[in-house]
Amino acid sequence: MRVSEADLAAYTLHYCSIPSVTGDEGALREALRSQLEAADAGLHVRPVAGGLVVRGPAQPGRPTIGLFGHLDTVRPATDQPLEQRDGRVYGCGASDMKGGLAVMSALLLESRDLAQCNIVGVFYDKEEGPASENGLEPMFATGELPTLDFGVCLEPTDNRIQMGCVGGLHALVTFRGRRAHSARPWQGDNAIYKAAGLLSRLKARAPVTVRLGELEFQEVMNATTAATSNSRNVVPDAFTLNVNVRFAPGRLAEEALADLRAVVGDEADLEVVDEAPAGAVCLGHPWVEAWRAATTLAVEPKQAWTDVARLTARGIPAVNFGPGETAQAHQARESVAIADLGTNAKALRQLFEAVKGPRLPE
């Protein structure tokens with residue numbers, strides 16, 4: 001069977017109609033499970049941890065490609081429409097990433113007709129929350145995912161092949177002072193003012209360009225939140241900044257942390273609260289090269305973090321490639337173009353056709 005563009009739009013709208021804010025993905029998971037189990041497509045659908053693993057009909061000796069999509073969304077905006085209009089599907093998660101889930105479902109339903117490779121769909125929960133709670137790790141930990149030769153994360157990429165991903169860490173940087181009544185500030189030592197030097201250095205810090213082949217990643221360091229815990233009429237004795245560092249593929253979180261420590265110096269306490277590795281770039285992979293030769297798809301770096309990092313850390317070559325629009329992700333009136341859903345499905349079919357021969361050697 002071949003799923004139409006209209007079907008892709010209908011799937012996306014249906015998935016958007018089922019709320020799946022991080023931590024509450026169960027209803028969407030069961031809807032997908034029912035849809036795929038009911039289809040006469042030879043699929044093997046199995047709940048694993050908080051998600052689903054869906055295997056298409058498999059032939060021994062053929063390579064296996066995994067399609068990865070998260071079930072959760074951020075909380076919807078109060079003015080988020082749910083409709084199909086003017087060539088677009090509107091709904092919370094339409095671009096990030098229920099349009100991608102629709103393409104995954106469609107390709108799994110078509111997988112019986114594939115000649116070159118086996119297809120596995122991995123639907124997982126809790127991607128939009130802290131990296132430490134991401135639902136893909138528990139799925140891998142079960143040992144129930146098949147051996148994969150290649151992976152595609154269908155995060156929104158504007159139908160461009162986005163290679164690798166930057167790693168990231170969040171650290172709490174706390175400046176210490178001495179508490180006092182705000183009417184008599186000379187009796188204290190305002191912790192907020194002690195952060196002025198670091199804030200100036202961060203503001204002046206230019207992105208660092210790291211070139212990997214034809215790709216350029218930007219390493220950046222930013223203060224993203226600021227907080228005290230005192231009353232409004234109290235000079236604070238502690239002031240905490242969250243500093244987010246993004247680092248290029250090929251570098252470790254430890255190196256990025258060393259850079260941050262050098263910028264902070266001995267002016268404040270520093271505590272790492274979240275970190276995630278960078279995702280390796282697989283430029284030059286023979287299947288990627290064949291895919292690029294068969295299409296006109298643009299290739300660019302992923303200047304954000306995705307679960308490509310989890311795949312490449314396990315030795316699975318992987319790319320980001322999804323139908324959603326990066327500028328639509330988490331927007332108040334989020335939507336996805338129906339034509340982009342069709343383009344994405346067509347391009348992934350071309351990837352499957354480019355995978356020729358047996359599995360690549362280990």
**Study point:** Pairing of Arg29 and Glu25 as salt bridge, 4.0 angstrom limit
**Key:** no
Point to revise | Residues Tyr124 and Asp72: side-chain donor-acceptor under 3.5 angstrom | key: no
Review point. Does any donor atom in the side chain of Lys98 or Ser20 lie under 3.5 Å from an acceptor atom in the other side chain?
Key: yes
Review point. Are Thr224 and Asn244 close enough that a side-chain donor and a side-chain acceptor fall under 3.5 Å?
Key: no
Review point. What are the two closest non-hydrogen atoms of Ser95 and Ser335, and how far apart are they?
Key: OG-O, 2.8 Å
Point to revise | Residue pair Leu101 / Met104, side-chain heavy-atom distance below 4.5 Å | key: yes
Check your understanding: Roughly how far apart are Lys302 NZ and Cys165 SG, rounded to 0.5 Å?
Key -> 9.0 Å
Practice item. Determine whether the side chains of Asn230 and Asp237 contain a donor N or O and an acceptor N or O closer than 3.5 Å. Key: no
Revision key, fill the gap. Nearest heavy-atom contact between Ala278 and Pro249 is CB-CA, 3.6 Å
Point to revise | Listed once per pair and sorted, the side-chain hydrogen bond (donor to acceptor under 3.5 Å, both in side chains) pairs that draw on residues 338-348, sequence neighbours left out | key: Asn159-Asn344
Point to revise | Any side-chain heavy-atom pair of Glu216 and Pro301 under 4.5 Å | key: no
Review point. Taking NZ, NE, NH1 and NH2 as the nitrogens, is one of them in Asp24 or Lys126 under 4.0 Å from a carboxylate oxygen of the other?
Key: no
Review point. In terms of side-chain geometry, is the basic nitrogen of Arg2 or Glu110 positioned less than 4.0 Å from the acidic oxygen of its partner?
Key: yes
Review point. Roughly how far, to the nearest 0.5 Å, is the CG atom of Asp7 from the OG atom of Ser105?
Key: 11.5 Å
Check your understanding: With side chains defined as the heavy atoms from C-beta onward, is the minimum distance between Phe123 and Val54 less than 4.5 Å?
Key -> yes
Check your understanding: Are Ile338 and Val89 side-chain neighbours, meaning at least one heavy-atom pair lies under 4.5 Å?
Key -> yes
Practice item. Show your working on side-chain hydrogen bond (donor to acceptor under 3.5 Å, both in side chains) between Gln162 and Glu300 and close with a plain yes or no. Key: CA-CA 5 Å; Gln162 293 186 338; Glu300 61 188 28; 2.6 Å; yes
Check your understanding: Any side-chain heavy atom of Gln303 sitting closer than 4.5 Å to one from Phe217?
Key -> yes
Review point. With a 4.5 Å heavy-atom cut-off, do Asn134 and Glu128 have their side chains touching?
Key: no
Exercise for review: Inspect the surroundings of CZ in Arg112 and state if more than 12 heavy atoms from other residues, nucleotides or ligands are less than 6.0 Å away.
Suggested key: yes
Review point. Among Asp269, Val173, Leu172, Thr228, which residue meets the side chain to side chain contact (heavy atoms under 4.5 Å, CB included) test with Thr240?
Key: Leu172
Check your understanding: Hey, are Arg292 and Glu214 close enough for a salt bridge, meaning a charged N less than 4.0 Å from a carboxylate O?
Key -> yes
Check your understanding: Is the closest side-chain heavy-atom distance between Leu154 and Phe321 below 4.5 Å?
Key -> no
Check your understanding: Should Asp96 and Glu155 be marked as a side-chain contact (heavy atoms from CB on, under 4.5 Å) after you check the CA-CA gap, both sets of side-chain angles, and the distance that decides it?
Key -> CA-CA 6 Å; Asp96 188 12; Glu155 290 279 5; 3.2 Å; yes
Check your understanding: So which residues get pulled into Val74's cluster when ILVMFWY side chains under 4.5 Å apart are joined, directly or through others?
Key -> none
Check your understanding: What are the two closest heavy atoms between Gly151 and Phe68, and how far apart are they?
Key -> CA-CE1, 4.4 Å
Exercise for review: Look at Glu137 together with Arg310 and state whether they make a salt bridge at an N to O cut-off of under 4.0 Å.
Suggested key: yes
Revision key, fill the gap. CD1 (Ile18) and SG (Cys92) are apart, to the nearest 0.5 Å, by 13.0 Å
**Study point:** Residue pair Ser182 / Asn233, side-chain donor-acceptor N/O under 3.5 Å
**Key:** no
Exercise for review: Check whether more than 12 heavy atoms from other residues, nucleotides or ligands sit under 6.0 Å from atom CZ of Arg179, and answer yes or no.
Suggested key: no
Check your understanding: Going by an N to O cut-off under 4.0 Å, is there a salt bridge joining Arg176 and Asp189?
Key -> no
Practice item. Could you pull out the closest heavy-atom pair between Ala345 and Leu107, with the gap in Å? Key: O-CD2, 4.1 Å
**Study point:** Heavy-atom side-chain proximity of His70 to Met97 below 4.5 angstrom
**Key:** yes
Exercise for review: Using a cut-off of 6.0 Å, state whether more than 12 heavy atoms not belonging to Arg314 lie near its atom CZ.
Suggested key: yes
Check your understanding: According to the interplanar angle, ranging from 0 to 90°, do the rings of Phe150 and Trp287 count as parallel (below 30°), tilted (30 to 60°) or perpendicular (above 60°)?
Key -> perpendicular
